[in-house]
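A quick write-up on the structure given underneath.
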Amino acid sequence: MLADTLTRSLTDVLERPDLRVIADGLVPILDVSLPLPFRIEGALEPGQPFCLQAATLKLGSPCLEAPRLAPTFLRHAIELMRLLEPGANPYLASFAAARVAALFHALDTGDVAPLPAWLAVFSDAVPDASALMQSWETLSAFLPELPSFTQHEAERLEGVLTRLWPVLAPAESLMSSGGDSRLAVDPHTGLNRYSSSHRPRPWAITFGSSTASSLSERGFGGAEAARRGMMSALLAKQDPDLVQEGVVRRAREAIGAHFGLPEDAVLLSASGTDCELAVLALVAAGTDRPVTSILLAPDETGSGVPLAACGRHFATDSACATLVGKGEVIEGFSPETRLIGVDIRAADGTARPVAEINTQCAELVRREVADGRHVLLHRLDQSKTGLAAPDMDLVWELCTELGDQLSVVVDVCQARLSPSRVAEWVERGIIVMITGSKFFTGPPFCGAILLPPAIRNRLSCLSLPKGLRAYGNRDEWPEGADASALNNGHNIGLALRWYAALAEMDALFALPDPVIRGRLTRFMTEAVAMVKARPALTMLPMGTPFDDGRWDAVPTILSFLVEDPHAPGRPLALEDARRLHRWLNADLSPWVTEGEGSLLCVLGQPVPVPHPRVDGPAGALRLCAGARLVSGEPSHEGLDEERRLQRECMDARRVLGKLELILKHWDVLLDANPVPRYAPLS
């Protein structure tokens, strides 16, 4: 291969969005005479800060000779420089950086070369002192000359590494932990079961914030900055438990700050479904009566929510890496918990009038209280298709009438509400469930509960179900919560996912409400017109949020049915809609040569919707506006507001154009069944 081609390949590595964020201004120099993968040159004294400004990072000839290993070598070099900067022990920093690089390498997909032996030793368990001594023979060459590495030091560092090993990992590895199996990354596609990635995918057009989003470069940078700070503290010999607890607590504090609430009002939970379980635990612990959960739109909440609302395991594994029996009652939860679902749609799929839902909810609440039960009433704001019910006026009326026989939780997991409105509800006694993974476009599995003052004040007196140990750690809960029912571990994956979401929240809420509202209105107006203009698409009615001038009056979820290409006038059934959703996020260029078949597009996952012409439910796709649409992304730098919004609208047209392309070539794609992937095939 020609030298200029190899250099171009290396340039492509340097421009990878994940490495660009991690490098954050570090500019390596290519030195073809250097026989090492890289070398850091500068003054390095053990125990002294390492001056990056005066240091040079050289990439050597192995980066050209083995281009498939070049990303790993570069990741290794950047990590090592970052760890050395605050003055970490250079031997420990070298081993930690090698561990991070080895795990980073395992995340890449496609034609990846095997790791060299000196790096492969860090891929699995902690190397023993002998292996550390042997690996140092190679690792030492990457640094300025240091004092000899001794057997005694190797034995000491083996013990240190053993304590730190679970968190010596790239941010994207850590973010795939601390949830359940849906977070696991498929090594062949580079995506999890939400078809999203913890690495940035700026080439993918994303309007899927009602389900999940891949990280933007901004979000990835937020998580990486938090991880880097944690690593520096750990290598500075600070207590690992205190360091990790601090990472979690600072995330809770930052979430609370966005809602004008203190840290002890924030309870972290791995997902919206985990939130449901924690809410039931708090409510049940505060009453002697059996609990009845009245759940709005069970078909339009998370699939596990009905089980969690009854105090049952909702998956086969849990956030604390515990295998559990799906459907079984969780230890400490009462089997007498009753679940009553209230449909938000009629049998024909149309939205029920809110007044009708209000009447049904009021009747159910009063009946259950009269039957000697404590009612946990759910208000949904919003459903997966953007609907909200029952009315808050009814909620306040029932709270006044029934007092401590009624608890109310508002499901704001879509996060399409102004923080000021949420804060008002919390201060008036409402429990609120939020996530950072929907409107805020953080990664999947970052949930939180905002607790009203009454619960915060009596939290230390509540005896919680012991089965919560499978789902939560002590530092995720406010001070004083029943420690015997919670784990002593630390869910760093959950915290980092929240730091990614918080970076997006910071960018969004730096803008005034009128600007947020104006940008959302502009985009959604054009998106509605686009969908209505396409005969194959049938738009479902959008929600009509309460409008008192705040930005959350703008509906931001546009749901639509897609006509079955083999049955004019009939929408795609749910399973076919799911196929369409997958193919939008796949590179179709091997099978479709016209149009933008290679374009990767993300919409909200299909929601089951009743329809009279379909046996079983139809599938409604969703085109959504999220926080990034308002605040922009790093790739939008240099565009003024008008040009950027024009680009967003054009991207929405491109997504709908690919959707029509799929319908045209349906039978060919049905045979091929392409799968989503992290990046296009080319």
Side-chain angles (χ1 to χ4, degrees), residues 193-195 207-212 295-306 341-354 356-357 380 382-389 414 438 527-528 530-544 555-586 601-624 652 655-667 669-670 673-674 676:
R193 280 168 55 185
Y194 287 99
S195 291
F207 294 111
S209 63
S210 57
T211 301
L295 183 64
L296 271 291
D299 290 339
E300 291 199 29
T301 55
S303 59
V305 168
V342 174
D343 292 330
I344 208 166
R345 294 188 180 277
D348 63 357
T350 58
R352 294 177 65 195
V354 175
E356 182 180 299
I357 296 173
L380 185 57
Q382 301 165 8
S383 74
K384 289 184 177 182
T385 54
L387 304 179
Q414 284 289 335
K438 301 297 191 289
V528 167
M530 290 177 211
V531 170
K532 286 184 174 179
R534 286 165 169 76
L537 309 182
T538 301
M539 192 177 121
L540 298 179
M542 301 175 75
T544 53
T556 51
I557 300 177
L558 195 169
S559 306
F560 58 90
L561 301 174
V562 181
E563 186 176 67
D564 188 325
H566 295 308
R570 187 177 72 193
L572 286 175
L574 180 60
E575 284 307 311
D576 281 335
R578 287 172 173 163
R579 289 188 179 94
L580 172 59
H581 182 263
R582 291 195 301 271
W583 297 343
L584 280 167
N585 199 16
C601 309
V602 182
L603 294 179
Q605 287 180 348
V607 176
V609 176
H611 194 279
R613 296 201 59 188
V614 179
D615 292 332
L621 274 73
R622 297 164 289 160
L623 191 158
C624 313
V655 173
L656 297 180
K658 182 172 181 181
L659 185 153
E660 292 175 322
L661 195 65
I662 290 171
L663 296 179
K664 181 178 178 180
H665 296 275
W666 185 268
D667 291 337
L669 295 172
L670 194 61
N673 196 23

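Applying the side-chain contact (heavy atoms from CB on, under 4.5 Å) test to Pro555 and every residue at least two apart in sequence or in another chain returns Met542, Pro545. Legend: residues meeting salt bridge (charged side-chain N to carboxylate O under 4.0 Å, His left out) with Arg534, ordered by chain and number and at least two apart, are Glu660. Applying the salt bridge (charged side-chain N to carboxylate O under 4.0 Å, His left out) rule to Arg578 yields the partners Glu575; only residues at least two apart in sequence or on another chain are considered. For Lys532, there are no salt bridge (charged side-chain N to carboxylate O under 4.0 Å, His left out) partners at least two apart in sequence or on another chain. Residues satisfying the side chain to side chain donor-acceptor pair (under 3.5 Å) test with Arg345, not counting sequence neighbours, are Glu300, Thr385. When the side chain to side chain donor-acceptor pair (under 3.5 Å) test is applied to Thr211, the partners found at least two apart in sequence or on another chain are Arg622. Residues satisfying the side chain to side chain donor-acceptor pair (under 3.5 Å) criterion with Ser559, sequence neighbours excluded, are absent altogether. Taking the side-chain contact (heavy atoms from CB on, under 4.5 Å) definition, one finds that Ser195 meets it with Leu191, Asn585, Pro676, sequence neighbours left out. Looking at residues two or more places apart in sequence or on another chain, you find a side-chain contact (heavy atoms from CB on, under 4.5 Å) between Ala652 and Phe207, Phe523, Met530, Leu623. Remark: Thr350 engages Ala346, Asp348 in a side-chain contact (heavy atoms from CB on, under 4.5 Å) (not counting sequence neighbours).
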Problem set entry | Stepwise side chain to side chain contact (heavy atoms under 4.5 Å, CB included) check, Lys438 with Ile557 | CA-CA 11 Å; Lys438 301 297 191 289; Ile557 300 177; over 6 Å; no
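Here Leu621 contributes atom CG and Leu656 contributes atom CG; the two are 10.0 Å apart, rounded to the nearest 0.5 Å. To the nearest 0.5 angstrom, Glu356 atom CD is 10.0 Å from Asp343 atom CG. Separating the NE2 atom in His665 from the CG atom in Leu670 is a distance of 14.5 Å, to the nearest 0.5 Å. How far CZ of Arg579 is from CD1 of Ile662: 13.0 Å, rounded to the nearest 0.5 Å.
Scanning all heavy atoms of the two residues, the minimum distance from Trp583 to Pro674 falls at CD1-O, 3.3 Å. Taking every heavy atom of both residues into account, Arg582 and Asn673 meet most closely at NH2-OD1, 4.0 Å. Across all non-hydrogen atoms, the minimal contact from Gly386 to Gln382 is CA-OE1, 3.5 Å. The shortest heavy-atom contact between Ala620 and Leu540 is CB-CD1, 3.8 Å.
Applying the salt bridge (charged side-chain N to carboxylate O under 4.0 Å, His left out) definition to pairs two or more places apart or across chains, those involving residues 563-573 are Asp564-Arg570.
At a threshold of 4.5 Å between non-hydrogen side-chain atoms, the residues Leu561 and Leu537 do not count as touching. Put simply, the side chain of Thr544 does not reach to within 4.5 Å of the side chain of Val354, judged on heavy atoms. Using a 4.5 Å heavy-atom threshold, the side chains of Gln414 and Thr556 count as separate. No side-chain heavy atom of Val528 sits under 4.5 Å from any side-chain heavy atom of Phe560. The closest side-chain heavy-atom distance from Leu380 to Leu387 is not below 4.5 Å.
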Residues 601-617, side-chain donor-acceptor partners within the protein, below 3.5 Å, at least two apart:
| unit_1 | atom_1 | unit_2 | atom_2 | d |
| --- | --- | --- | --- | --- |
| His611 | ND1 | Arg613 | N | 3.1 |
| Arg613 | NH1 | Gly569 | O | 3.1 |

